[in-house]
Amino acid sequence: MSATKLPTCRWGIMGTGWVSSEFVKDLLTQRKDAKAHHIVQALGTSSQAKGEDFIERNFKKATADAQKPKIYTNYEDVYSDPDVDVVYIGTPHSFHKDNALAAIAANKHVLCEKPMTVNAAETEVVIAAAKEKGVFLMEAVWIRFFPIVLELQRLVHEEKIIGEPYRMFCDFGLELHLENLPPSNRYKDPALGGGALLDIGIYPLTWASVLLGTGLGTSHPDPKVSASMVLKEGVDWSDVVTLHYPTNRIGVCTSTVFNRTSETFCRLEGEKGIIEVVGPAASVPRKIVIKKSLGDGKEEVVEEKEYEPEVGTGFFWEADAVAVDVAEGRKESAIVPLAESLRMMKLMDECRRQAGLKYPQDGASKKYPTMQLPEEEPSPHDTLITWATSTQNVTINGIHPTTMPGKGLGMITKRDIKTDDILIQAPASTLLTVHPDRPPPTQSTLSVHGRLALALAFPILSPKSVGNRDLSAWKAIMPSPSSLRSSMPALWSSDLQSLLPAPAKALLAKQQSKLENDLRAASETLLPEHVEASGRAIEDVKREYVESWLLVNSRCFYWDYPVLGGALRGKVGAKRGRDGRKLVRNRNDCMAMCPVMDYFNHADGDGLKVSYNEQGFKVTADRDYAKGEELNISYGKHSNDFLLLEYGFTMTPNTSDHIPLDEHILPLLSSEQKAALEEANLLGDYLFTPPPPPSNTNGDSPNSHPRDLVCHRTQCALRMVLLPIPRWRRFVDGLDPTEGAHEQGAVDETLLEILGGCLEETRQRLQQLRDVEMQKTGEDLDAVAALMGRWRQMKDILDKGYQLIQSSIQSK
């Protein structure tokens, strides 16, 4: 091969699902560091229409001269196409063996998505066929080619930056709502290799292999395996695999379809330090964080390295490697050799053996005479859209719900969207509401929130206008009970609730008070009535009501019932009653649920424009959007404590996040000082806000003076700690000609001391959570991860603020 001319690789693509789409988009990406030129030559699909749609979606950003593939509705035609060099297999797991064998029989090189097959016996058959024919074969374990993974291996095994590694934790979780999927779905069908292990569990096992072992295939150390799984409906929903290496290195590999993993998905501990790997998921690593241990559970960040691709997703790295290997005549990859694929397959077979998970292919070699994929059953999202548009008169324009890798559900554009395009119109008749002022006699003591929860959980107990509606399609896409238990603090055990940050605890207490009032009122008559009618246990019915209450809490929109007329809207002075008093509605009673609109994720900013009137809701675009972009709406400017308590998630970044300082400042004040602050309406609500992000490539931050990290109330409280009250009043009243400049240095030093105390608390909490983590399982582990994520966010804000203030003090 010429040293200057890039090899050209012509691809035949098998399958039109998500992974094939991402692979093709990356092949078409223009990159300065490309190691090969890629052509999408052929596409194998079950129908011409699906093929055309695939091309239209994935060639959107291709160059004008990009060659579009031939569409074949028979896979055999892809194998026999003389212009195809390599066949990429992106079909469901159970089709991999036969697709690969057919391509190999046609003398095609093969890149087969992971896992290569569903068990080791099938992998051996495919490897033997490739060796007999003399063609290239590789399993597409794409992350092994990521620069971040190659750099990690160098740092750990060559540079030994953390000394000898001794323990690794890695988790990959997605919220797939398997309970709502039909048995024929690929995630639930054992014959299709359904469940967590083959789809996502392979990633934590791969991370263990690259970080704890140094060889590949037969030269890789042989760990002792201990595996357990949660098995439901014939597939694994959650897996825990422990790998104990002969060198006394231990890897804990977990995967689940119940809930999404936090961004810090992998932690490697060594003699001299810790490495954390951060990214949207274990399949999408984006950052290395290197830390050193300070003792007593304290850690200090030594270095952070970002590895975000300039373009694309990252499939092009493995594609380049295949193209170079084929051009240079190699028959297998040095990074993912065939022996390594077989070793990993045997490892997963052993995990399944210990847990009692079997696939139909384990008994005998199953052959599929025709290599055409069956049409998939409509997803719950498709079913909901059909229900909303055909029976509820919801208008949906150019957008569609989807599963977002590493984020759960979300809404994306199906085409280019222009500013002010109307995306959703939901008539008032489709909203789930209750009359705010005229509850049925049996519900008179329930809040509007409580009555909505009743309508969602047990429609039969609600008025006919609600009870006669079939909400099953809508409820099928809502978070499962398991997801709620792992994400909503109200459902956590008391020991985990006690580890919440103080502001979150205060919010939880208010939330629990409202919930307990509604549960008590419902339990007096309504829930026992349902128990008698259904024959269910009262505790099960109460639990379902609580879960429904939290769903309403997290999925409602503000709605002041304009359909009832101005007299009943939640505005002061809208109308006077018979006694002459103004009618005012409690803001907490202004709520309604709206199908489809609850797919939108929260925006850290304004997001889409949402409006309503007596006719219903309307969502319009706030700017131009390209096809495939995610769409978000704002739930309001809220801290991560609020988002965690009310919605069950936190955001990074979150420009509205803050850390309350009341419990650190108020103890420093005398009763006389507190009285003076209260008189000036400045007692309490002291906040520390995140430093603004860099505004340019030099890392400079706008408004990065320490005084800008706290609100005016906090500046006043800090000065109260330092100044005599008369002098303090001059500052508050604006009579100080220096505007407080004389004592600003002392204020900064006081704030620095307070932040030091806050940082110590976060370190203690994180260590406490690490200890708790070792004792928890299942949903509790997800709750611990959420807690650790929140405390780490706070630690990051405090760390950056502390460093900024310290630098400011030292520079004076």
Residue pair [X] / [Y]: nearest heavy atoms and the distance that separates them:
X      : Y      : answer
Trp492 : Ser486 : NE1-O, 3.3 Å
Gly398 : Ile417 : O-CD1, 4.0 Å
Gly605 : Ser634 : O-CB, 3.2 Å
Val552 : Met593 : CG2-SD, 3.7 Å
Asn601 : Gly410 : ND2-CA, 3.7 Å
His96  : Pro115 : ND1-O, 2.6 Å

Quiz prompt | Tyr545 six-ring face occupied by Arg543 cation (under 6.0 Å, within 45°) | solution = no
Does some side-chain heavy atom of [Y] sit less than 4.5 Å from a side-chain heavy atom of [X]?
X      : Y      : value
Tyr187 : Val257 : no
Arg520 : Asn517 : yes
Arg352 : Tyr359 : yes
Met597 : Val619 : yes
His602 : Phe649 : yes
Pro479 : Glu175 : yes

Quiz item: Can Thr395 and Gln425 be said to form a side chain to side chain donor-acceptor pair (under 3.5 Å), step by step?
Solution: CA-CA 5 Å; Thr395 302; Gln425 284 187 296; 4.7 Å; no
Salt bridge (Lys or Arg N to Asp or Glu O under 4.0 Å) partners for [X], two or more places apart:
X      : result
Asp606 : none
Asp641 : Arg790
Glu113 : none
Asp199 : Arg186

Quiz item: salt bridge (charged side-chain N to carboxylate O under 4.0 Å, His left out): which pairs involve residues 230-240, sequence neighbours left out?
Solution: Lys188-Glu233
Would you check if the side chain of [X] reaches a backbone N or O of [Y] as a donor-acceptor pair within less than 3.5 Å?
X      : Y      : answer
Asp421 : Ala621 : no
Thr389 : Val394 : no
Arg555 : Pro595 : no
Gln511 : Leu645 : yes
Arg623 : Thr419 : no
Thr386 : Asp382 : yes
Thr413 : Glu629 : yes
Thr620 : Asp420 : no
Ser554 : Tyr647 : no
Ser487 : Ser483 : yes

Quiz prompt | Steps toward side chain to side chain donor-acceptor pair (under 3.5 Å) verdict (Tyr625, Asp622) | solution = CA-CA 9 Å; Tyr625 288 85; Asp622 60 312; 2.6 Å; yes
To the nearest 0.5 Å, tell me how far [X] [atom1] sits from [Y] [atom2].
X      : Y      : atom1 : atom2 : answer
Asp598 : Cys556 : CG    : SG    : 9.5 Å
Ile424 : Cys594 : CD1   : SG    : 7.0 Å
Leu178 : Asn185 : CG    : CG    : 7.0 Å
Asp171 : Tyr203 : CG    : OH    : 14.5 Å
Leu384 : Tyr599 : CG    : OH    : 5.0 Å
Leu508 : Glu646 : CG    : CD    : 10.0 Å

Exercise. For Glu516, enumerate each residue passing the side-chain hydrogen bond (donor to acceptor under 3.5 Å, both in side chains) test, keeping only those at least two apart in sequence or located in another chain.
Key: none
Exercise. Please step through side chain to side chain donor-acceptor pair (under 3.5 Å) for the pair Glu22 and Thr313, ending with a clear verdict.
Key: CA-CA 7 Å; Glu22 295 303 306; Thr313 307; 3.2 Å; yes
Exercise. Determine, stepwise, if the pair Asn654 / His638 fulfils side chain to side chain donor-acceptor pair (under 3.5 Å).
Key: CA-CA 8 Å; Asn654 178 4; His638 299 304; over 6 Å; no
Quiz item: Is the centre of the Phe265 ring less than 6.0 Å from the centre of the Phe172 ring?
Solution: no
Exercise. Over 60° means perpendicular and under 30° means parallel, so classify the ring planes of Tyr612 and Trp559, tilted if in between.
Key: tilted
Self-check item: Plane angle bin for His449 and Trp549 - parallel if under 30°, tilted between 30 and 60°, otherwise perpendicular
Solution: parallel
Quiz item: Where do Leu500 and Leu787 land on the side-chain contact (heavy atoms from CB on, under 4.5 Å) test, with the steps shown first?
Solution: CA-CA 7 Å; Leu500 285 163; Leu787 277 166; 3.6 Å; yes
Quiz item: Just wondering, more than 12 heavy atoms not from Lys618 lying within 6.0 Å of its NZ?
Solution: no
Quiz item: Would you say Lys475 has more than 12 foreign heavy atoms packed within less than 6.0 Å of its NZ?
Solution: yes
Quiz item: Would Asp780 and Arg485 pass as an ion pair if we require N to O under 4.0 Å?
Solution: no
Practice problem: Flag the pair Glu52 and Arg57 as a salt bridge only when some basic side-chain nitrogen lies within less than 4.0 angstrom of an acidic carboxylate oxygen. | Solution: no
Quiz item: Would Lys60 and Asp416 satisfy side-chain contact (heavy atoms from CB on, under 4.5 Å), going step by step from the backbone distance to the final call?
Solution: CA-CA 10 Å; Lys60 186 75 175 178; Asp416 290 347; 3.8 Å; yes
Quiz item: Taking atom types as modelled, is there a side-chain donor on Arg415 or Asn397 under 3.5 Å from an acceptor on the other?
Solution: yes
Quiz item: Among Asp518, Leu432, Leu446, Leu551, which residue meets the side-chain contact (heavy atoms from CB on, under 4.5 Å) test with Leu452?
Solution: Leu432
Quiz item: Between Cys351 and Met229, is a side-chain contact (heavy atoms from CB on, under 4.5 Å) present by the stated rule, with each step listed?
Solution: CA-CA 9 Å; Cys351 295; Met229 297 178 176; 4.1 Å; yes
Quiz item: Can you check side-chain contact (heavy atoms from CB on, under 4.5 Å) on Ile396 and Val596, steps first, answer last?
Solution: CA-CA 9 Å; Ile396 301 172; Val596 184; 3.9 Å; yes
